[in-house]
Amino acid sequence: MRPTTALFASVLASGASAENYLGFNSGATLPDYSAKFKKDFEAEFRTAQNLENAPGTFNAVRLYTNIQAYSETDPTEAFEAAIETNTKILLGVWASGTSNIDNELTALKKAIDKFGTKFTSLVIGMSIGSEDLYRDSETGIKNKAGVGAGPNVIVKFINDYKKAVANTPLAGVPIGHVDTWDAWTNGTNKVVIDAVDWVGVDEYPYYENGKGNNIENSGQLFDRAFAAVEGAVGGKPIWITETGWPSSGPTWDLAVSSVENAKYYWDEVGCRKLFNKVPTFWYNLRDSNPDNEMKFAITSNLSTKPLFDLTCPTTFQTTATMTSALPSSTDASSTGSNGGSSSTGSSGAASSDEAIVEGSATGKAVSAVAVLGLTLVAGLFALF
Ligand SMILES: *[C@@H]1O[C@H](CO)[C@@H](O)[C@H](O)[C@H]1NC(C)=O
Ligand SMILES: *[C@@H]1O[C@H](CO)[C@@H](O)[C@H](O)[C@H]1NC(C)=O
C-alpha cells in the first residue's frame with residue numbers, strides 16, 4: 001500500500017511541477033510588523049485571483065515560513081486562507097540563524113493533522129530556505145545582508161524535512177531551495193542543486209548596479225542571469241520565486257523606480273519571458289517591509305485595479321543587445337554593495353558573463369530581513 005501511495009504521490013507531484021503557476025510572495029507580517037492573520041491573507045489571495053486584465057489567474061502563493069508570526073510552532077493562518085480561497089501553496093521553511101528546523105516541521109505537521117488533504121492537496125512545492133546562500137556569500141556579507149546559511153546546512157535541512165514528511169501526504173511534493181541567481185552559478189553550492197527537485201531563483205535586474213541597469217536593459221539582464229542559472233543547474237526545473245521592479249523609491253545606479261518602469265518590467269520580463277511559461281511568483285502584490293524604501297507592490301491597497309494595466313502587449317522592446325551597457329559610475333553610497341562589479345565593470349559590464357555572475361540581488365535581501373527579524377523574535381519568545 002505504502003509504495004503505491006508514494007508512487008502515486010510522486011506522479012501527482014511531478015505532474016504538478018510541470019504547471020506554470022502564477023502567484024505572488026507573501027510575508028508573515030504587515031508593514032507595521034504586526035502579524036498577518038487569516039483575514040489578511042484571505043484579502044491578498046482574493047485580490048490576486050481577481051486582478052483586472054491579469055494575463056492568467058494568480059492563484060498561487062509563496063510563503064517564507066510555516067509558522068504564524070510571533071508564535072513558536074503554530075501553523076501560519078495563511079494555510080486556512082488558502083483553503084478558503086483555493087490558493088495553491090509554495091511552502092517555505094526559514095533556514096537561517098538556526099541549528100535546526102524543528103519548529104517549522106512541528107508547525108507543518110500540526111497543519112497536516114488539523115486540515116488533512118484540504119491543505120495538502122493545495123501544496124505545490126516546498127522551499128527549504130530563502131536566499132540563505134546569498135546572505136552567506138562574499139557579496140551578502142559585504143552588503144550586511146544578515147544571517148545566512150551555507151550549502152551543507154541547507155542540504156541537511158532538506159534531508160531533515162524529507163524524513164519528517166516521509167509518511168505524510170506531502171511526501172511526493174517537489175522540494176526546492178530559493179536563492180539569488182548568482183548563488184546558483186557558484187560552484188560551491190552545487191550540493192544544493194543536487195539535493196533539490198527544482199531550483200528557485202530570485203532575480204532583480206533593478207539591483208544589478210554597475211551593469212547598465214536602466215529599465216531598457218532589464219529584459220536582457222534578466223535573460224542573461226536566467227541563462228546563466230540554466231547553464232548551472234543541469235536541467236532541473238527553474239521556478240522564478242521573486243522578481244519585480246519598484247514603482248517608487250530611490251534610484252539604484254541607473255535603475256529608476258516608477259510606475260511606468262514597473263509596467264515596462266511587467267511587460268518585458270513577466271509577459272515576454274515568464275507568465276504561463278515558467279512557474280512565477282511576482283514580487284509583489286503588497287509591500288510588507290517598511291525598511292525597504294523601494295516599493296514593489298503592484299496594488300496600493302489590495303485593490304483589484306493595480307497601479308498599472310496588467311494587459312500583456314503583443315510585441316516587445318527587448319532585443320538581443322543592450323543599450324548603454326557601459327559601466328556607470330557606481331555610487332558607492334547608493335549600495336555599499338557591488339565593489340566587485342565596479343572592479344570588473346571595466347570589462348564592459350553587462351557584456352561579460354563574469355560581471356553578470358558577480359551580480360547580486362543586493363538590496364533584495366530586504367524581503368528576507370523582515371522574515372528573519374521575525375524568526376529571531378520568535379526565537380526570543382521561545383526562550384521565555
Ligand atoms: C560561493 O559559495 C560559497 C558557499 O555558499 C560562499 O562561501 C562563497 O562566498 C561564494 N562565493 C562568492 C564569490 O560569493
Ligand atoms: C485603492 O487604490 C485604488 C487605485 O489603486 C483607488 O482607486 C482606490 O480608491 C483605493 N481605495 C482606498 C480605500 O484607498
Side-chain angles (χ1 to χ4, degrees), residues 23-27 29-34 36 40 43-44 47-48 51-55 58 62 131 143 145 180 202-219 221-222 240-271 274 280-313 317 324 328 330-331 333-338 359-371 373:
F24 295 97
N25 289 267
S26 188
T29 51
L30 291 168
D32 61 1
Y33 299 113
S34 64
K36 277 188 202 168
D40 303 302
E44 274 180 31
T47 293
L51 290 167
E52 282 179 27
N53 300 337
F58 283 72
R62 173 178 170 234
E131 299 192 357
N143 292 347
T180 58
D202 292 354
E203 254 201 83
Y204 291 89
Y206 173 85
Y207 287 117
E208 301 272 353
N209 47 295
K211 314 255 181 339
N213 63 339
N214 48 307
I215 185 65
E216 293 80 8
N217 286 336
S218 58
L221 283 173
F222 185 93
I240 294 296
T241 37
E242 290 182 28
T243 196
W245 190 280
S247 64
S248 70
T251 292
W252 191 273
D253 195 10
L254 304 182
V256 176
S257 309
S258 70
V259 172
E260 190 190 356
N261 288 351
K263 162 64 176 166
Y264 184 98
Y265 190 80
W266 175 269
D267 289 352
E268 293 296 319
V269 171
C271 297
L274 299 177
T280 300
F281 298 83
W282 200 259
Y283 196 88
N284 212 353
L285 184 69
R286 117 158 121 186
D287 287 300
S288 56
N289 181 2
D291 295 334
N292 190 0
E293 294 174 277
M294 289 87 178
K295 299 302 169 199
F296 284 83
I298 64 162
T299 58
S300 60
N301 53 21
L302 292 189
S303 161
T304 52
K305 184 177 167 52
L307 299 180
F308 52 83
D309 188 352
L310 302 186
T311 304
C312 281
Q317 312 292 315
S324 60
S328 64
T330 302
D331 168 8
S333 70
S334 74
T335 68
S337 66
N338 239 324
S360 75
T362 46
K364 190 48 276 317
V366 290
S367 77
V369 167
V371 186

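Residue numbers count from 1 along this sequence.
Shown are Trp252, Tyr265, Phe296; of these, the ring pair (Phe, Tyr, Trp, His ring centres under 6.0 Å) with Tyr204 is made only by Phe296. Checked against Glu293 for a side chain to side chain contact (heavy atoms under 4.5 Å, CB included), the options Pro250, Ser257, Pro246 give a single hit: Pro250. Evaluated for a ring pair (Phe, Tyr, Trp, His ring centres under 6.0 Å) with Tyr206, the options Tyr264, Trp245, Tyr283 yield exactly one hit, Trp245.
With Asn25 contributing its side chain and Asn284 its backbone, the two residues share no donor-acceptor pair below 3.5 Å. Thr47 places a side-chain N or O within 3.5 Å of a backbone atom of Leu302 that can act as its donor or acceptor partner. Between the side chain of Asn292 and the backbone N or O of Met294 there is at least one donor-acceptor pair closer than 3.5 Å. Formation of a donor-acceptor pair under 3.5 Å by the Asn143 side chain with backbone atoms of Ala145 is not found in this model. Using a distance-only test at 3.5 Å, with no hydrogens or angles considered, no donor-acceptor pair links the side chain of Asp287 to the main chain of Lys295.
Pro205 is not listed as a side-chain neighbour of Asn217, based on a closest heavy-atom distance of 4.5 Å or more. Looking only at side-chain heavy atoms (C-beta outward), Phe24 and Leu51 come within less than 4.5 Å of each other. Two residues are said to be in side-chain contact when any heavy atoms from C-beta on lie closer than 4.5 Å; Glu203 and Leu274 fail this criterion. Between Gln317 and Glu216, every side-chain heavy-atom pair lies at or beyond the 4.5 Å cut-off. Between Leu310 and Ile298, the closest side-chain pair of non-hydrogen atoms falls below 4.5 Å. Contact annotation: the side chain of Ile240 never approaches that of Phe281 to less than 4.5 Å [non-hydrogen atoms, C-beta and beyond]. Contact check for Ile215 versus Ser218: side-chain heavy atoms found under the 4.5 Å cut-off. Side-chain atoms of Asp309 and Trp266, non-hydrogen and from C-beta on, never get closer than 4.5 Å to each other.
No side-chain N or O of Asp202 forms a donor-acceptor pair with one of Thr180 less than 3.5 Å apart.
Counted within 6.0 Å of CD on Glu52, heavy atoms from surrounding residues, nucleotides or ligands total more than 12; the atom is thus considered enclosed.
Remark: Ser248 OG to Leu307 CG distance equals 8.5 Å, nearest 0.5 Å. Rounding to the nearest 0.5 Å places OG1 of Thr241 at 5.0 Å from CZ of Arg62. Here Asn53 contributes atom CG and Thr311 contributes atom OG1; the two are 3.5 Å apart, rounded to the nearest 0.5 Å. A distance of 9.5 Å separates CG in Asp253 from OG1 in Thr251, rounded to the nearest 0.5 Å.
Across all their heavy atoms, Asn213 and Glu208 have their closest contact at CB-O, 3.3 Å. In this structure, Asn289 and Asp291 approach most closely via the heavy-atom pair OD1-N, 2.9 Å.
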Worksheet item: For Lys36 and Ser26, what are the C-alpha separation, side-chain angles and deciding distance, and is it a side-chain hydrogen bond (donor to acceptor under 3.5 Å, both in side chains)?
Response: CA-CA 10 Å; Lys36 277 188 202 168; Ser26 188; 2.9 Å; yes
